[in-house]
Amino acid sequence: MRIAVTYDSNTGDIFQHFGHTAQFKLYDVEDKKIVNQQVADTNGSGHGALAGFLKEAKADILICGGIGGGAQAALAEAGIQLFGGVSGNADNAVQSYLNGFLIFNPNVKCDHHDHGEGHNCGEHSCH
């Protein structure tokens, strides 16, 4: 299984706006243990292309902060299970998922896409 997390390499935390994430941290998991991890640059793919990026990366699961409805639909179409509305350290979130304790929001939304440059979903309540 491969778990992808929207990633802020400056802090090690989950990046809070799926459509603007510059990197994903990918975790390969076997028997509920992380066996490999890597950081992958998205090269500025944008909302729709990021689902395709994750599908090509063979991600089974995405853990992220805020995410819009269109991206959610694209992930579902790609067969990627979504755990949104998550914040904090990326490594800790993956470990919580593996232990069955990940706190997420099944109704996560982020519809603040028209605020212009510098928008960060962490500034709004996108849950």
Side-chain angles (χ1 to χ4, degrees):
M1 166 176 45
R2 178 169 272 183
I3 300 171
V5 181
T6 53
Y7 191 61
D8 182 341
S9 61
N10 294 321
T11 63
D13 288 346
I14 297 166
F15 189 75
Q16 289 300 300
H17 189 162
F18 174 79
H20 290 264
T21 192
Q23 296 178 315
F24 288 103
K25 191 163 184 182
L26 304 171
Y27 301 81
D28 293 319
V29 175
E30 293 175 10
D31 299 321
K32 294 193 177 193
K33 292 186 175 78
I34 297 168
V35 296
N36 186 40
Q37 50 189 297
Q38 65 187 11
V39 176
D41 291 328
T42 64
N43 300 316
S45 295
H47 295 84
L50 289 173
F53 179 92
L54 290 173
K55 186 174 182 176
E56 273 188 38
K58 299 185 178 7
D60 300 295
I61 292 168
L62 171 66
I63 297 173
C64 69
I67 183 169
Q72 290 181 33
L75 289 169
E77 188 176 309
I80 298 169
Q81 189 175 2
L82 172 65
F83 293 89
V86 182
S87 60
N89 181 271
D91 294 348
N92 292 346
V94 171
Q95 200 56 59
S96 293
Y97 171 79
L98 294 175
N99 293 334
F101 297 114
L102 181 66
I103 297 170
F104 67 99
N105 180 351
N107 299 312
V108 67
K109 290 185 176 62
C110 183
D111 49 17
H112 303 285
H113 294 120
D114 54 0
H115 286 288
E117 282 303 313
H119 167 67
N120 177 344
C121 279
E123 297 169 6
H124 302 286
S125 105
C126 295
H127 310 289

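Positions are given from 1, in the same order as the sequence printed here.
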> How about Glu30: does its CD atom have over 12 heavy atoms from other parts shown lying under 6.0 Å from it?
Replying inline: no
> Any idea how Phe18 and Phe24 line up, ring-wise: parallel (<30°), tilted (30 to 60°), or perpendicular (>60°)?
Replying inline: tilted
> Quick one: do Tyr7 and Ile3 end up in the same hydrophobic cluster if we chain Ile, Leu, Val, Met, Phe, Trp and Tyr together by side-chain heavy atoms under 4.5 Å apart?
Replying inline: no
> Taking side chain as C-beta onward, heavy atoms only, is Gln72 less than 4.5 Å from Val108?
Replying inline: yes
> Which is it for Ser87 and Asp13 under the side chain to side chain contact (heavy atoms under 4.5 Å, CB included) test, yes or no, and what are the steps along the way?
Replying inline: CA-CA 7 Å; Ser87 60; Asp13 288 346; over 6 Å; no
>> Would the distance check show the side chain of Thr42 and the main-chain N or O of Thr21 forming a donor-acceptor pair, the cut-off being under 3.5 Å?
In response: yes
> Of Leu50, Val86, Ile80, which meets side chain to side chain contact (heavy atoms under 4.5 Å, CB included) against Leu62?
Replying inline: Ile80
> Would you say Asp91 and Gln37 make side-chain contact, with heavy atoms under 4.5 Å?
Replying inline: yes
>> Do Glu56 and Leu54 make a side-chain contact, defined as non-hydrogen atoms from C-beta onward lying under 4.5 Å apart?
In response: no
> Rounded to the nearest 0.5 Å, how far apart are CD of Gln23 and CG of Asp8?
Replying inline: 8.0 Å
> Which heavy-atom pair separates Gln16 from Gly65 by the least distance, and what is that distance?
Replying inline: OE1-CA, 3.5 Å
> Which atoms form the tightest heavy-atom contact between Ala93 and Ile14, and what is the distance?
Replying inline: CB-CD1, 3.7 Å
> Going hydrophobic residue to hydrophobic residue with side-chain gaps under 4.5 angstrom, can you get from Val39 over to Val5?
Replying inline: no
>> Can you give me the closest heavy-atom contact between Ala40 and Phe53, atom names plus distance?
In response: CB-CZ, 4.0 Å
>> Just verifying a value: how many Å separate Asp31 CG and Leu98 CG, rounded to the nearest 0.5 Å?
In response: 11.0 Å
>> Test of understanding: with side chain to side chain contact (heavy atoms under 4.5 Å, CB included), list the residues that count as partners of Asn99, not counting sequence neighbours.
In response: Gln95, Phe101
>> Count I, L, V, M, F, W, Y as connected when their side-chain heavy atoms are under 4.5 Å apart, and connections chain through other members. Are Ile63 and Ile103 then in the same cluster?
In response: no
>> To the nearest 0.5 Å, what is the distance between CZ on Phe104 and SG on Cys64?
In response: 11.5 Å
>> A quick test of your reading: do over 12 heavy atoms of other residues, nucleotides or ligands sit less than 6.0 Å from CD of Gln81?
In response: yes
>> Do Ile67 and Leu75 have side chains that approach each other closer than 4.5 Å (heavy atoms only, starting at C-beta)?
In response: yes
>> I need the single residue from Asp28, Asp60, Asn36 that forms a side-chain hydrogen bond (donor to acceptor under 3.5 Å, both in side chains) with Arg2. Which is it?
In response: Asp28
